[in-house]
Amino acid sequence: MSMKIKTATFVKSAVVPEDYPDTGVPEIAFVGRSNVGKSSLINKMVQRKALAKTSSTPGKTRLINFFLVNGLIGFVDLPGYGYAKVSKTERESWGVMIDRFLSRRRELKGVVLIQDIRRDQADMDRKMIEMIRRHGIPLIIVLTKADKFTRGKQNERVKKIISSSELADRKPVLFSSQTGAGRDELWEAIGELIGIETDDPGMKERVNN
Ligand code: GTP
Ligand code: MG
């Protein structure tokens with residue numbers, strides 16, 4: 001599905017549920033290791049250069065950031081994990097913040113877990129997947145920075161990652177924020193979770209407008 005973006009806006013940042021925005025639209029959250037490319041992926045999905053803040057310094061996103069796409073779909077940029085330079089206390093409050101979000105956010109229809117195609121799944125990724133499953137939330141795995149490899153090497157990595165990882169039910173989506181590869185496929189997968197029938201032109205129109 002080639003999703004047409006009319007509007008993409010930042011709604012607010014929050015830590016505690018009392019501060020979550022009252023958008024009332026189905027929502028998809030994005031999570032992954034710090035510096036994996038979450039914010040870049042969100043920007044690519046909504047065709048905006050700098051809606052979600054990106055940086056070459058890891059650990060920048062410490063709050064839950066809420067965005068609204070076409071007035072109808074919520075995107076949530078969750079703070080990354082695995083950043084070495086955080087204290088134990090910070091790590092614990094991160095865990096509480098994420099766990100609370102997953103258990104309390106009624107609008108949440110799915111989580112996109114982002115991994116770097118060059119790396120094997122880390123312990124923290126497995127724990128994150130476990131947490132998402134425990135809350136019964138559908139999961140999509142994305143392997144980003146695919147542009148770092150040729151097509152042949154990408155396939156080799158996918159095979160290796162599939163055989164050695166905890167994965168979602170479906171195959172991981174290969175993605176590149178640099179080339180836009182995988183964007184349509186990821187929108188397709190998100191569309192399924194939030195109930196956009198891609199072969200229903202009426203519904204497509206409503207989301208596109
Ligand atoms: P934190 O919020 O700090 O945890 O990082 P993040 O996961 O949001 O990552 P961000 O989008 O800020 O990207 C981190 C770095 O990776 C930046 O230097 C990006 O330019 C680079 N990057 C992100 N996605 C891609 C990609 O698909 N390909 C390539 N080559 N580089 C990427
Ligand atoms: Mg970020």
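Whatever order the structure lists ligands and atoms in, that order sets their numbers, starting from 1. FYI, the numbering just counts along the sequence from 1. Everything numeric here is computed off the predicted structure, so don't read it as measured data. Because only heavy atoms are used, hydrogens play no part in the values below, and waters and symmetry mates are left out as well, while side chains stay in.
When the heavy-atom distances from atom 8 (O) of ligand 1 to S176, S39, S177, A181 are ranked, the shortest goes to S39.
Under 4.0 Å is where a charged nitrogen must lie from a carboxylate oxygen, and between E27 and R105 at least one such pair does. A salt bridge between D116 and R157 is absent, with no side-chain N of the basic residue lying under 4.0 Å from a carboxylate O of the acidic one. With respect to D120 and K160, a salt bridge is recorded, a charged nitrogen being found less than 4.0 Å from a carboxylate O. Salt bridge R183/E188: absent, no basic N to carboxylate O contact under 4.0 Å.
Between V25 and E107 the shortest side-chain heavy-atom distance does not fall below 4.5 Å.
One distance of note links CD of E130 with CD1 of I132; it measures 10.5 Å at 0.5 Å rounding.
Less than 4.0 angstrom separates some heavy atom of Q178 from each of these atoms of ligand 1: 27 (O), 29 (C), 30 (N). Ligand-side atoms of ligand 1 in range of D147: 26 (C), 27 (O), 28 (N), 29 (C), 30 (N), range being under 4.0 angstrom from any heavy atom. Counting atoms of ligand 1 from 1 in the listed order, those under 4.0 Å from a heavy atom of S40 are 10 (P), 11 (O), 13 (O), 19 (C), 23 (C), 24 (N). Atom numbering of ligand 1 starts at 1 in the shown order; those under 4.0 Å from a heavy atom of K148 are 30 (N). The T144 neighbourhood of ligand 1 comprises atoms 27 (O), with distances under 4.0 Å to a heavy atom of that residue. Interface of S34 with ligand 1, defined as ligand atoms under 4.0 Å from a residue heavy atom, comprises 4 (O).
The Mg ion (ligand 2) has an N, O or S atom of S39 closer than 2.8 Å.
When only interatomic distances are considered, the shortest N/O to N/O separation between V36 and ligand 1 falls below 3.5 Å. The distance criterion of under 3.5 Å between nitrogen or oxygen atoms is met by G37 with respect to ligand 1.
In summary, the aromatic rings of W94 and F101 are positioned with their centroids too far apart to meet the 6.0 Å limit.
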